[in-house]
Structure formats: structure tokens, C-alpha cells
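Working notes, beginning with the structure itself.
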Amino acid sequence: MQAWQVHENGEPSEVMRLAQVEPPTPGDGQVLLRVRAANINFPDALLCRGQYQVRPPLPFTPGVEICAETEDGRRVIANPALPYGGFAEYAVADARGLLPAPDALDDAETAALHIGYQTGWFGLHRRAHLEAGETLLVHAAAGGVGSAAVQLGKAAGATVIGVVGGAEKAAVARELGCDVVVDRRGEDVVAAVKEATGGRGADVIYDPVGGEAYAQSAKLVAFEGRIVVVGFASGSIPSPALNHALVKNYAILGLHWGLYAAKNPGLIGRCHEELTELAARGAIKPLVSERVPLSGAATAVQKVADGRSTGRIAVVMEGAA
């Protein structure tokens, strides 16, 4: 089979190599899956760089989220078991972690439904308890993680403010349904959000960026607001001032979605049922901005790593729906 392999750590476009290899052999409790589409996530770039919290042995195949087909023909969502990731014709995954693919979504959209939308659902509902009528601010609103949070926020009845970088991403954020869009490249984010909220700020702030975005969040969080820390795509990990959280009466909530698989796996299934229902009625639909063949995976991962993508980029195999 064909598979992308990383033999040394570095930038994706430099260290990913397409090779002809033997299909992986499933271990205990695992199944062999034929990959139909693989979604590209920022962690795939971090894996290539050796900067992710999980460091599979070299060589490994990146790709942490797929739509695949089981041996009996079922279409499923899976998180491949590294080192046999999803940028390949076949991958392996834990049998207990397979989820049914929603009928309402094609293979590329299905591959993009799992990590970003589960993270958004857990962040907004399990951690922040977002309520209808509240204001949600989403940093990097046109990106893969942010776009999912925007759609989930709108589905929950929130007013959504999206912060983006550039005119193209601003257009995408509006298309996603943001009520207010702030372009950080040409606007003062703090001033623009305060104006949009009458000086009150946002009840829930969804931050996959860190760095300066977090500093803005601390200035913009409303009384009894909640800042959900999802990641640090900026590469800068902030150090929150806890005295500031005390005097402004807000909460800082961390979210590591992957922990739920070990700590409370039943919630993942329940979340998937809700996401499937939302997809069926058209309330959410992953924004797949590009679909590339397997041969284009390395270039596409680099594009995500460089922050030049909007929505999701999916690697689509020949014959995918």
C-alpha cells in the first residue's frame, strides 16, 4: 500500500515521504481499516516536528482522524492508532473507538467531524455550559477548530463573534454564520469587541490560539464569563494572572478532549449522537475548503502548519464518496 512516512522530525513538507509499504497488522482489540478520507489537523504538523505530546516511534505515518471502511463494508469514523496513521491507504484503530459515519455527510466531511467538533462540543457545553442568548467569541474563527465552534455556538443559540486574520478568512467567518467578524490584521480586537457588545464583553471565549489572543480574551471576558483554553496554535503559551481572574470574576477552563477516551468514554458516544443529529438537520456541516489526493498530503499538512488554510483540508482517496 501507499503511505506517507516520517523518518526524522522537521517541517512536514521536508520530512514526509510517500512510500510503498506493507499494510499494518492490527494488534489486540484493533481492526484494519481502508481509509476513505483523512482530515488534516494541526497536531499532524506537530507530530512531524516532534512537538506533540504523543511521540510515535520513527518511522511513523501521521493522520489522526479518518473516515474509513471496515472489512464488512461499514463506513466509520476513527482515530488511527499511531504509528499507523491515516495518510495511507490502510490504517489500524481500536475497535471500541469506532463511530458510525453520519449519512448526511460525505467522506471528507465525515473525516472532519470528529476531533474539531467533539472538542467544540465538550468545550462549549461540558466545560463552559454555553446558554442560548449568550455571546461567544471564537479566536481563529475561520480555521478548522474555530469553524466548528462557530457552527456549534450558532446551533446553541448564541451570538457569535469571530476573530480572524485577513480579508479572505473574514469572508469565510461570515459564511459560517458569525454575527460579528473582527479582522485582527486591520482592527483593534479589544476595541471592536467592546463596541459590538456595548462594553460588556463575551460570556464564553473559545481560544485555540494562545499568546496575544489569550491576552485579548482576558480583557474581553464578561462578568462570570468563561475562557476555554483549547490549544496554542500561536506557539506561545500564556501565563494567566489569577488575581485578574479573581477581581473580574471569570473562569479559565482547560480542555484536553483526548482525556475523555480514558476518563469518561461514554460521553464521546453521547456527543457523537448529538453531532450526528445536528448534521442530519443541517445545523452543522464541516467546511472542507480543499480536497487533495493522497499524493498531495505533505503539501497540505504544511499549509495547515503555516496557518494558510481555512476550514478543513481533507486527503481523499480514490473512490471516496
Practice task
Spell out, as yes or no, whether a donor-acceptor pair under 3.5 Å connects the side chain of Asp107 to the backbone of Arg36.
Solution key: no
Exercise for the section: Would you please say whether a donor-acceptor pair under 3.5 Å links the side chains of Gln118 and Tyr260? Expected result: no
Practice task
Mark yes or no for whether Ser289, through its side chain, and Arg312, through its backbone, hold a donor-acceptor pair below 3.5 Å.
Solution key: yes
Practice task
Find out whether Glu212 and Pro238 are in side-chain contact, i.e. whether some heavy atom of one side chain is under 4.5 Å from a heavy atom of the other.
Solution key: no
Exercise for the section: For the pair Glu134 and Arg226, find out whether any cationic side-chain nitrogen is under 4.0 Å from an anionic carboxylate oxygen. Expected result: yes
Practice task
Verify, without hydrogens or angle tests, whether Gln30 (side chain) and Gly27 (backbone) share a donor-acceptor contact under 3.5 angstrom.
Solution key: yes
Practice task
Calculate, to the nearest 0.5 Å, the distance between atoms CG and CG belonging to Leu253 and Leu124 respectively.
Solution key: 11.0 Å
Practice task
Please confirm whether the backbone N or O of Ala111 pairs with a side-chain atom of His114, one donor and one acceptor, at under 3.5 Å?
Solution key: no
Could you tabulate the donor-acceptor pairs under 3.5 Å formed by side-chain atoms of residues 43-58, not counting sequence neighbours?
residue	atom	partner	partner atom	Å
Asp44	OD1	Gly63	N	3.0
Asp44	OD1	Val64	N	3.3
Asp44	OD2	Asn41	N	2.9
Arg49	NE	Glu11	OE2	2.9
Arg49	NH2	Glu11	OE1	3.2
Arg55	NE	Gly50	O	2.9
Arg55	NH2	Gly50	O	2.6

Exercise for the section: Report the C-alpha separation of Asn9 and Val15 in whole Å, then their side-chain angles, then the decisive distance to 0.1 Å, and conclude whether the side-chain contact (heavy atoms from CB on, under 4.5 Å) test is met. Expected result: CA-CA 7 Å; Asn9 295 128; Val15 300; over 6 Å; no
Practice task
Inspect the contact between Arg96 and Asp94 and indicate whether a charged nitrogen and a carboxylate oxygen are less than 4.0 angstrom apart.
Solution key: no
Problem - Cationic N near anionic O, under 4.0 Å, Glu69 to Arg75 - result: no
Practice task
Inspect the contact between Lys285 and Glu109 and indicate whether a charged nitrogen and a carboxylate oxygen are less than 4.0 angstrom apart.
Solution key: yes
Exercise for the section: Verify, without hydrogens or angle tests, whether Asp106 (side chain) and Ala108 (backbone) share a donor-acceptor contact under 3.5 angstrom. Expected result: yes
Practice task
Please determine if Asp188 and Lys194 form a salt bridge, counting it only when a charged side-chain N lies under 4.0 Å from a carboxylate O.
Solution key: no
Exercise for the section: Please name the pair of heavy atoms, one in Met1 and one in Ala88, separated by the smallest distance, quoted to 0.1 Å. Expected result: CE-CB, 4.1 Å
Practice task
Please lay out, stage by stage, how His244 and Tyr250 fare under the test ring pair (Phe, Tyr, Trp, His ring centres under 6.0 Å).
Solution key: CA-CA 9 Å; His244 191 258; Tyr250 64 88; 5.6 Å; yes
Completion exercise
Interatomic distance, CH2@Trp121 vs CZ@Arg126, rounded to 0.5 Å, equals 7.0 Å
Exercise for the section: Count the heavy atoms of every other residue, nucleotide or ligand shown that sit under 6.0 Å from OH of Tyr90, and state whether that count exceeds 12. Expected result: no
Practice task
Run the salt-bridge test on Asp72 and Arg74 with the 4.0 Å N-O cut-off and return the result as yes or no.
Solution key: yes
Problem - Test item: side-chain donor near acceptor, His139 and Tyr214, under 3.5 Å - result: no
Completion exercise
Tyr117 and Pro286 have their tightest heavy-atom pair at OH-CA, 3.2 Å
Handout entry: Minimum heavy-atom distance Ala78-Ala93, with the two atoms named
Key = CB-CB, 3.9 Å
Practice task
May I ask you to decide if Asp183's main-chain N or O and Glu187's side chain share a donor-acceptor pair within less than 3.5 Å?
Solution key: yes
Practice task
State the CG-CD1 distance between Leu278 and Ile284, to the nearest 0.5 angstrom.
Solution key: 5.0 Å
Practice task
Name all residues meeting the salt bridge (charged side-chain N to carboxylate O under 4.0 Å, His left out) criterion together with Arg174; count only those two or more places apart in sequence or in a different chain, and write none if there are none.
Solution key: none
Exercise for the section: Check whether any side-chain N or O of Trp4 sits under 3.5 Å from a backbone N or O of Phe60 as a donor-acceptor pair, and report yes or no. Expected result: no
Problem - Residues, nucleotides or ligands: over 12 heavy atoms within 6.0 Å of Tyr84 OH - result: no
Exercise for the section: Kindly check if the number of other-residue, nucleotide or ligand heavy atoms within 6.0 Å of CD (Gln2) is above 12? Expected result: yes
Problem - Joint hydrophobic cluster, Tyr206 plus Val180, side-chain heavy atoms closer than 4.5 Å - result: no
Handout entry: ILVMFWY cluster, Phe122 and Val230 together (side-chain gap under 4.5 Å)
Key = yes
Handout entry: Nearest-0.5 Å distance, CG of residue Leu259 to CG of residue Asn264
Key = 11.5 Å
Exercise for the section: Under the side-chain contact (heavy atoms from CB on, under 4.5 Å) rule, what do Val31 and Val92 come out as? Steps first, then yes or no, please. Expected result: CA-CA 6 Å; Val31 292; Val92 295; over 6 Å; no
Problem - Ionic contact status for Lys303 with Glu290, cut-off 4.0 Å - result: yes
Practice task
Look at the side chain of Ser217 and the backbone N and O of Ile205, then say whether any donor-acceptor pair between them is shorter than 3.5 Å.
Solution key: no
Completion exercise
Interatomic distance, CG@Leu130 vs OG1@Thr135, rounded to 0.5 Å, equals 9.5 Å
Handout entry: salt bridge (charged side-chain N to carboxylate O under 4.0 Å, His left out) contacts in which one or both residues fall within residues 144-163, not counting sequence neighbours
Key = Lys154-Asp179
Fill in the blank from the handout: d(Ile268 CD1, Arg270 CZ) to nearest 0.5 Å is 12.5 Å
Problem - Flag, side chain of Glu65 to backbone of Asn79, donor-acceptor distance under 3.5 Å - result: no
Problem - N/O donor-acceptor pair under 3.5 Å between Thr299 side chain and Gly296 backbone - result: no
Practice task
Using the rule that two of Ile, Leu, Val, Met, Phe, Trp, Tyr join whenever any of their side-chain heavy atoms come within less than 4.5 Å, decide whether Val145 and Leu137 are in one cluster.
Solution key: no
Handout entry: Test log, rule side-chain contact (heavy atoms from CB on, under 4.5 Å), inputs Ile77 and Leu98
Key = CA-CA 6 Å; Ile77 291 173; Leu98 301 183; over 6 Å; no
Exercise for the section: Following the transitive rule for hydrophobic clusters with a side-chain heavy-atom cut-off under 4.5 Å over Ile, Leu, Val, Met, Phe, Trp and Tyr, establish whether Val204 and Val160 coincide in one cluster. Expected result: yes
Exercise for the section: Can you establish whether the number of heavy atoms outside Glu89 located under 6.0 Å from its atom CD is more than 12? Expected result: yes
Problem - Non-hydrogen side-chain atoms of Val301 and Pro62 separated by less than 4.5 Å - result: no
Practice task
For residues Val164 and Arg184, determine if any side-chain heavy atom of one lies less than 4.5 Å from a side-chain heavy atom of the other.
Solution key: no
Problem - Check: Pro102 and Leu113 side chains under 4.5 Å, non-hydrogen atoms - result: yes
Completion exercise
Heavy atoms of Ala156 and His125 approach each other most closely as CB-CE1, 3.8 Å
Problem - Closest non-hydrogen atom pair, Leu32 against Pro24 - result: CD1-O, 3.6 Å
Fill in the blank from the handout: Closest heavy-atom pair, Leu33 versus Ala68, reported as atoms and distance to 0.1 Å, is CB-CB, 3.7 Å
Problem - Same apolar cluster (I L V M F W Y, side chains within < 4.5 Å links), Ile252/Leu255 - result: no
